[in-house]
Amino acid sequence: MILDANTADRQAFEREFDACVIGTGPAGICIARKLAEAGFDVALMEGGDLDYTPESQELYVGDVIGHDYYQTDVTRLRFFGGTSNHWGGRSRTLEPHDFEHHPYHPLSGWPIDKTDLDPYAEEADTVLDLPPAEVFPDRVDDYAGPDMPIIKFRQSPPTRFGEKYHDELAASERITLAVNANLVDMRLDPTLATVETALFKSYAPGDAGFPVRARLFCLCLGGLENPRFLLNANSQIPEGIGNSNDLVGRFFAEHMAFKIGSVLFESEVPTGRGYEPTAELMDEYEILNFNLLVGTKGLEFTREAARSVICSGEFSERLAEKVLGRPLDCDFGGLGEYWENLNAEDRDQGWLAVIIEQSLNPDSRVMLAEERDIFGHRRLALDWQFTELDAHTTRTAATLIAQRFAEQGLGRVQIRDWLMAEPVVWPAMGEGQGEVGLHHHMCTTRMSADPAEGVVDADCRIHGMSNLYIGGSSVFSTGGHANPTYTVVQLALRLGDHLVAQLSA
């Protein structure tokens, strides 16, 4: 059933649930469905409404105090379905290499392997409405050499979790979905190791709030809000829940995205191609993972088709502005201009961009600002920082692709001056050097075997807590280069199975 915390009779929550799942993005909905399918009663709590509302979205306002980044309220969405509502659909698994420890990358390595997530691949494909992996290979050939294969991403429609699962959740006898129910605190038992209740408030003026009791709790608020809530949950633990080692919010990682060079092609002009390094190449040069993208200076069909669709309506234009953090230029491009430019004289010229796995840096972090929101929580302060390993990886990626293109007679690459400077002068947004980041918020409650190196264990349970778990990309130990949604769903399905086992014990 679906209830609105602004108007609903709260007697529906005057009982103990088996689980309270907070957040209705991909992680929260996958976990709640798993538990319900196993016969357990779930309170599924959403701070936003069924659709976008300004009063909910305003709670995502925060400060950017590190490297230039998107405004914190336009890089994610706060309503039913979460950020799946502006997900682009690109899907790819992480590589085995991404889960391993590498001496040149301190703290790297997950406490689980890729093989722990592989059993959830088929189910994740169904959840995300993806074509089967066996008919859509993720590698094509060795166009740039055997150590830099061409890679592919599978494409979801994309799946909007709110739309896809609304009717199922509304009809469920096991899931009680509450919208406009904002998490404001968690109350712990005398040992401070077990959550007894979670406290929620609606937007109604003067609302005293209401508690939800459950045997276990799962926080699925996203890579920025998971740490923000834990840091604000200091009514019993001054440093915040799960923060005894001062690690909540640290290691914030994005997929850094920059244009790093120009290309003059000698023969074939590649379009829409991406290259990644092999594990052996990464270890040889002591670099992180990356995805190199090559395109022509002319317009790209998929991008201009999307522009034509978005610019066809006022709402889609406003939504695009929210996602991009700037108005979309509807006076440029589009399918009409794409067809006109097919025979442009400069089609032998192109660009080179890179998506980089960011290194683990404790100084890159989510913190709390002094300003408070309407529920009394301190707002977000994002301090995004880069390291020399990030610079080394980006510069090496550019140099390697330039060498491969020259060796094979494919073209010549001119690397951007900012990348070859010492130190690297990282571009700000709006400087024509790419998107800077891809709205992927990771590692802020990272998974680790050792509580001194992370916030949750291999089962996504907060170290030192008996019944508080976290879902979503904030638990990533490292980010790889692949878009995170596919791995988020795999992890959520795995966590769902673990919680079923815990409740059944």
Any idea which heavy atoms bring [X] and [Y] closest together, and the distance?
X	Y	result
Ser504	Phe40	OG-CZ, 3.4 Å
Gly62	Thr72	N-OG1, 2.7 Å
Glu196	Leu188	OE1-O, 4.1 Å
Ala32	Ile175	O-CD1, 3.7 Å
Gly471	Cys218	N-SG, 4.1 Å
Phe79	Leu50	CD1-O, 3.7 Å

inquiry  = Is there a salt bridge (charged side-chain N to carboxylate O under 4.0 Å, His left out) between Arg78 and Glu46? Walk through the geometry before answering.
reply    = CA-CA 9 Å; Arg78 194 178 191 272; Glu46 169 57 52; 5.5 Å; no
Partner of Arg379 under salt bridge (Lys or Arg N to Asp or Glu O under 4.0 Å), picked from Glu370, Glu225, Glu371, is Glu371
Practice prompt. With side chain to side chain donor-acceptor pair (under 3.5 Å) as the test, would you mind laying out the steps for Asn467 and Thr194 before giving the verdict?
Written response: CA-CA 6 Å; Asn467 68 339; Thr194 299; 4.7 Å; no
Would a 4.5 Å heavy-atom cut-off, applied to side chains only, mark [X] and [Y] as touching?
X	Y	value
Ser359	Leu288	yes
Phe17	Arg215	no
Pro227	Phe251	no
Val436	Asp68	no
Phe80	Asp49	no
Asn291	Phe153	yes
Arg33	Glu168	yes
Asn243	Val455	no

Return yes if a side-chain donor-acceptor contact under 3.5 Å exists between [X] and [Y], otherwise no.
X	Y	answer
Gln358	Trp384	yes
Gln71	Tyr60	no
Asn226	Thr445	no
Thr115	Asp118	no

request  = Begin with the C-alpha distance, continue with both residues' side-chain angles, and end with the deciding distance and a verdict on salt bridge (charged side-chain N to carboxylate O under 4.0 Å, His left out) for Arg174 and Asp18.
outcome  = CA-CA 10 Å; Arg174 292 294 185 183; Asp18 293 308; 5.8 Å; no
What distance do [X] atom [atom1] and [Y] atom [atom2] have between them, rounded to the nearest 0.5 Å?
X	Y	atom1	atom2	value
Ile470	Leu219	CD1	CG	5.5 Å
Lys201	Asn180	NZ	CG	15.0 Å
Leu491	Asp459	CG	CG	11.0 Å
Arg92	Leu130	CZ	CG	13.0 Å
Met447	Ile112	CE	CD1	4.5 Å
Phe161	Leu128	CZ	CG	5.0 Å

Distance-only, no hydrogens or angles: does the [X] side chain make a donor-acceptor pair with backbone N or O of [Y] under 3.5 Å?
X	Y	result
Ser474	Gly223	no
Ser156	Asp129	no
Asp116	Asp113	yes
Asp98	Gly480	no
Ser448	Gly454	yes
Ser364	Asn361	no
Ser108	His105	yes
Thr126	Glu122	yes
Lys34	His498	no
Arg378	Ala369	yes

task = Given side chain to side chain donor-acceptor pair (under 3.5 Å), test His255 with Glu357 step by step and report yes or no.
result = CA-CA 6 Å; His255 285 132; Glu357 172 188 12; over 6 Å; no
Checklist entry - Between Trp110 and Phe476, is the ring centre distance below 6.0 Å? => result yes
Problem - Trace of the side-chain contact (heavy atoms from CB on, under 4.5 Å) decision for Ser466 with Arg461 - result: CA-CA 8 Å; Ser466 68; Arg461 180 178 57 84; 5.8 Å; no
**OP:** Please test Asp363 against Asp383 for side-chain contact (heavy atoms from CB on, under 4.5 Å), starting from the C-alpha separation and ending with a verdict.
**Re:** CA-CA 8 Å; Asp363 294 329; Asp383 190 3; 6.0 Å; no
Cationic tip of [X] within the cone over [Y]'s six-membered ring, i.e. under 6.0 Å and within 45° of the normal?
X	Y	answer
Arg494	Tyr120	no
Arg10	Phe210	no
Arg365	Phe252	no

**Prompt:** Given Asn483 and Thr485, is the side chain to side chain donor-acceptor pair (under 3.5 Å) satisfied, shown in steps?
**Reply:** CA-CA 6 Å; Asn483 296 47; Thr485 301; over 6 Å; no
Please assess Tyr486 against Asp125 for the test side chain to side chain donor-acceptor pair (under 3.5 Å), listing each intermediate value before the final yes or no.
-> CA-CA 8 Å; Tyr486 192 87; Asp125 290 352; 2.8 Å; yes
| request: Can you label the angle between the Phe386 ring and the Trp426 ring as parallel, tilted or perpendicular, going by 30° and 60°? | output: perpendicular
| said: Apply side-chain contact (heavy atoms from CB on, under 4.5 Å) to residues Phe290 and Thr394 and explain how you reach the verdict. | reply: CA-CA 8 Å; Phe290 61 81; Thr394 309; over 6 Å; no
message = Under the criterion side-chain contact (heavy atoms from CB on, under 4.5 Å), I'd like the reasoning laid out for Leu380 against Met367: C-alpha separation, chi angles, the key distance, then a yes or no.
response = CA-CA 6 Å; Leu380 175 78; Met367 301 184 293; over 6 Å; no
